[in-house]
2 protein chains.
Amino acid sequence: MEEAGEALVPMQAGEADQAEARPKRGTGRRLHGAIAQKLGSAIVSGRYAPGDRLEGEVAFSETLNVSRSAYREAVQVLVAKGLVESRTKAGTRVLPRNRWNLLDPDVLAWAFTGEPHIDFIRDLFELRQIVEPAAASLAAQRRDRDDLAVMKTALAAMRKYSLATETGRAADRDFHNALLQATRNEAVVALSASIGAAVSWTTQFKQRARALPRNPIPDHVRVYDAIAAGNAGAAAEAMRTLVDLALEDTRSAMQA
Amino acid sequence: MEEAGEALVPMQAGEADQAEARPKRGTGRRLHGAIAQKLGSAIVSGRYAPGDRLEGEVAFSETLNVSRSAYREAVQVLVAKGLVESRTKAGTRVLPRNRWNLLDPDVLAWAFTGEPHIDFIRDLFELRQIVEPAAASLAAQRRDRDDLAVMKTALAAMRKYSLATETGRAADRDFHNALLQATRNEAVVALSASIGAAVSWTTQFKQRARALPRNPIPDHVRVYDAIAAGNAGAAAEAMRTLVDLALEDTRSAMQA
DNA sequence: CCTCTCCTTTTTGTCGGACATATTCCTGTT
DNA sequence: AACAGGAATATGTCCGACAAAAAGGAGAGG
């Protein structure tokens, strides 16, 4: 139902006093993309509750100082990701969480623009614990020489720069991407794009809280060795412990 | 209450033969949604190859007999799903497959509007074989009385009507949905919601090819019993065989 | 007083045209 | 031939208007 009165004011998280509401588009970004990000992160982070009605298009686009067209295109993006639903006269309303495309890369990114709920991170790691060992198993059976080469270089880069540097984290992503590529399974790879992004965010969290309490390189090496040897069971097991430790680190980091 | 009904009309179910005619929107469907579906399925089914450039907005929207605004909103949907990318002056180009959000429900649906590649189905079932046994295991550990009740009624409905009827298939979906809900993991639920939709399409394929070669009820019962008993290992194993058989059936049906 | 029907009003949906912006690509210069 | 600069072109944004659908209220009838 409709809450009376103060119901749903646009956020315009007022750092500026005056009408600086216009979402300036960052590097090369399109305007409607910026609006979509702004609205999307606002929804995912809970500033709009499921069932809430957004302000009307005309009014909202006015307060944002953008044209209705740009605003509408942004809303279409949110509709495409299952965050909101628009019906004539009823307005645009936030859908319940179970309709959201949580594995959409953008939605995941938006979820990590703010402090994500600990439960959600738990769910994500649980999915990782399901998918990644199985992926490692598949990779062990199907990898070719090129896959191993890419993983090896990524591993070397991880050793050289630690996970504290951005280049080091990029190498970590490369390692996991190469592993998933070796599964020869498009669906699994697509999942990785989502989970991988989330994982990189949680890695940043870990770093932010304190120094990494444990050197993750040996775990990665064990995974690599098992895949190189074509030992599917060992690869799965090694990956399982790797994810376990990552979860443990993240959890302790977030409690602090 | 929310009319869940996406039983909404499949537009232009008949012939798409007519040159490039205006995409008539089925009851309640928005125009840009229809365009997005048309373009999306064309891309996913391969009628546009990755790297191809779409016709310019003005020209294309003219041949479709729609306004540029509607066309643009449709394109934004495709952008949101990673299918295309638009850049000034360069035009709108189809992205490589690894950029697509394959687990997006709409993308999956579009993939099954035409004859999907057998490899893709294989990938999908492989992912199912990874996720669903693990989900059953989680469900066995976390289900409560309500979950079991819902699953039990769904099971009864499946027994009453077979999978040959739509109500029977709906009961099948209910069963799997209840199972996933019992995992208490939003990410797993979201993933399986996508895959589940695709699976229901393959089920229809099976039915179309020939009568279901095997009674699937006992397999479901085994899964239910294991979950009810809280036996995680048995639940995973039962689900594994269930998915295995489903894959086998689908494969033999598609070879015919 | 309640219910049903009809109409008003609100909000999204679609349209058309205009201008802005950013590249690409061609052209002309050095 | 290399480079710089301008014209062409496609997307990006803005504006204003009307169409369509549906929620909510008004009025007739029970």
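Residue numbering restarts at 1 for every chain, and letters A, B, ... go by the order of the sequence lines. Please read all numbers here as calculations on a predicted model, not as lab measurements.
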*Could you tell me the separation between the CD atom of B:Glu57 and the P atom of D:dC14, rounded to a whole number of Å?*
15 Å
*asked:* What's the closest nucleotide to the side chain of A:Ser86 if the choices are D:dA21, C:dT12, D:dC14?
replied: C:dT12
*Give one of base, sugar-phosphate or nothing for A:Ser69, where a contact means two heavy atoms less than 4.0 Å apart.*
base
*Distance (rounded to the nearest 0.5 Å) between A:His176 NE2 and A:Met151 CE*: 9.0 Å
_Nearest whole Å is fine: how far is D:dT13 P from A:Ile35 CD1?_
8 Å
_Atom-to-atom span, CZ of A:Arg87 to C1' of C:dT14 - whole angstrom_ = 19 Å
_Between B:His32 and C:dG13, is there a contact of a side-chain N or O with OP1 or OP2 at under 4.0 Å?_
no
_Nucleotide C:dG13, atom P - distance to CG of B:Leu31 in whole Å_ = 11 Å
*Are any of A:Arg72's side-chain N or O atoms less than 4.0 Å away from OP1 or OP2 of C:dG13?*
yes
_Are the side chains of B:Leu95 and B:Leu83 in contact, using a 4.5 Å heavy-atom criterion?_
no
_With a sphere of 6.0 Å drawn around CD of B:Gln181, does it hold more than 12 non-hydrogen atoms of other residues, nucleotides or ligands?_
no
*Should we say atom CZ of B:Arg142 is surrounded by more than 12 heavy atoms from elsewhere, each under 6.0 Å from it?*
yes
_Distance, rounded to the nearest Å, where A:Glu62 contributes CD and D:dG16 contributes C1'_ = 13 Å
*Atom-pair distance (CD on A:Gln76; C1' on C:dT12), nearest Å*: 10 Å
*What is the distance from CG of A:Leu64 to C1' of D:dC14, rounded to the nearest Å?*
15 Å
_Can you tell me if B:Ser67 touches the phosphate of C:dT14, counting only side-chain N or O atoms and a distance under 4.0 Å to OP1 or OP2?_
no
*Given atom NZ of A:Lys89 and atom C1' of D:dA22, what is their separation to the nearest angstrom?*
7 Å
*Atom CZ of B:Arg93 with >12 non-hydrogen neighbours under 6.0 angstrom*: no
*DNA chain C: A:Ala90 or B:Gly33, which has the more 5' nearest nucleotide?*
A:Ala90
*5'-most by nearest nucleotide on DNA chain D - A:Arg68 or A:Thr88*: A:Arg68
